[in-house]
Amino acid sequence: MEEREERGGAVRVGMIWGGIGGVVGLLVSLLGSLVGILVAGFIGFSCGRRAAVAGSRAGALSGLVGGAVAAPVYVLGSTLGALLAARQIGAAGIAATLSDVLGTRVSADEAWIYFLFSLILSAILEAAVLILVSSAAGAWAKRE
């Protein structure tokens with residue numbers, strides 16, 4: 001029964017920090033996906049520490065559970081924020097920027113496809129950072 005309560009505490013903390021992270025991810029990703037990846041570490045750290053405190057067993061396991069629950073919501077919020085920012089810029093603006101940076105002509109359709117692939121990569125990196133930092137923070141919180 002005690003193990004079930006511990007998992008429930010870590011899941012509850014993950015849900016709370018997932019909601020907070022989703023809103024924060026939405027707002028910071030308006031500035032860009034790189035900012036979303038950096039902030040994922042801070043959200044993961046807070047989530048992992050609180051999940052470890054909520055459970056009474058392995059801190060890393062509690063942090064992992066909390067981070068795994070929080071990551072999808074954070075990634076969704078972050079992706080929505082990046083999509084809103086890209087919508088404001090427009091495919092033509094993205095294409096012009098890519099053309100200048102790459103030194104070759106990039107159409108608006110190609111730029112949009114590149115942008116969507118970058119969102120997928122960013123989402124994977126954000127989830128990985130959040131879960132890893134959350135697990136590490138959970139383990140670190142139990143050591144103290």
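Side chains are part of it too, since the values below use all heavy atoms of this structure and drop only hydrogens, waters and symmetry mates.
Residues L116 and I120 are not in side-chain contact: their nearest non-hydrogen atoms beyond the backbone lie 4.5 Å or more apart.
Nearest heavy-atom pair across C47 and G67 is SG-N, 3.9 Å. Between L30 and G81, the shortest heavy-atom distance links the atoms CD2-O, 3.3 Å. Residues A137 and G44 share a closest heavy-atom pair of CB-O, 4.5 Å. The minimum heavy-atom distance linking A123 with V75 is given by the pair CB-CG1, 3.3 Å. Closest non-hydrogen pair, S134 versus G66, comes out as OG-C, 4.3 Å. Between S78 and S29 the shortest heavy-atom distance is OG-OG, 2.6 Å.
Rounding to the nearest 0.5 angstrom, the gap separating the CZ atom in R87 from the CG atom in L83 is 10.0 Å. Rounded to the nearest 0.5 angstrom, E126 CD and L119 CG are separated by 9.0 Å. Taking CH2 from W17 and CZ from F45, the interatomic distance works out to 10.5 Å, rounded to the nearest 0.5 Å. Atom CG of L80 is separated from atom CG of L76 by 4.5 Å, given to the nearest 0.5 angstrom.
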TODO: Under the side-chain contact (heavy atoms from CB on, under 4.5 Å) rule, what do Y74 and V39 come out as? Steps first, then yes or no, please.
DONE: CA-CA 10 Å; Y74 179 82; V39 171; 3.7 Å; yes

Open item on the list: Walk me through whether Y114 and I94 qualify under side-chain contact (heavy atoms from CB on, under 4.5 Å).
Closed with: CA-CA 10 Å; Y114 293 149; I94 295 171; over 6 Å; no

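Cluster membership for I124 and I113, using ILVMFWY side-chain heavy atoms within less than 4.5 angstrom, is shared. Both V28 and L130 are part of a single hydrophobic cluster, where members link through side-chain heavy atoms under 4.5 Å apart. Under the 4.5 Å side-chain contact rule for hydrophobic residues, I43 and L27 do not share a cluster. Hydrophobic clustering keeps V69 apart from L26 (ILVMFWY residues linked when any side-chain heavy atoms are closer than 4.5 Å, directly or through intermediates). In the hydrophobic clustering of ILVMFWY residues, with side-chain heavy atoms under 4.5 Å counting as a link, V106 and I89 come out together.
Remark: side-chain polar atoms of S122 are not paired, donor with acceptor, to backbone N or O of S118 under 3.5 angstrom. Judged by distance alone, the side chain of E110 and the main-chain N or O of S107 form a donor-acceptor pair under 3.5 Å.
Residue-environment remark: CZ (F115) exceeds the threshold of 12 foreign heavy atoms within 6.0 Å.
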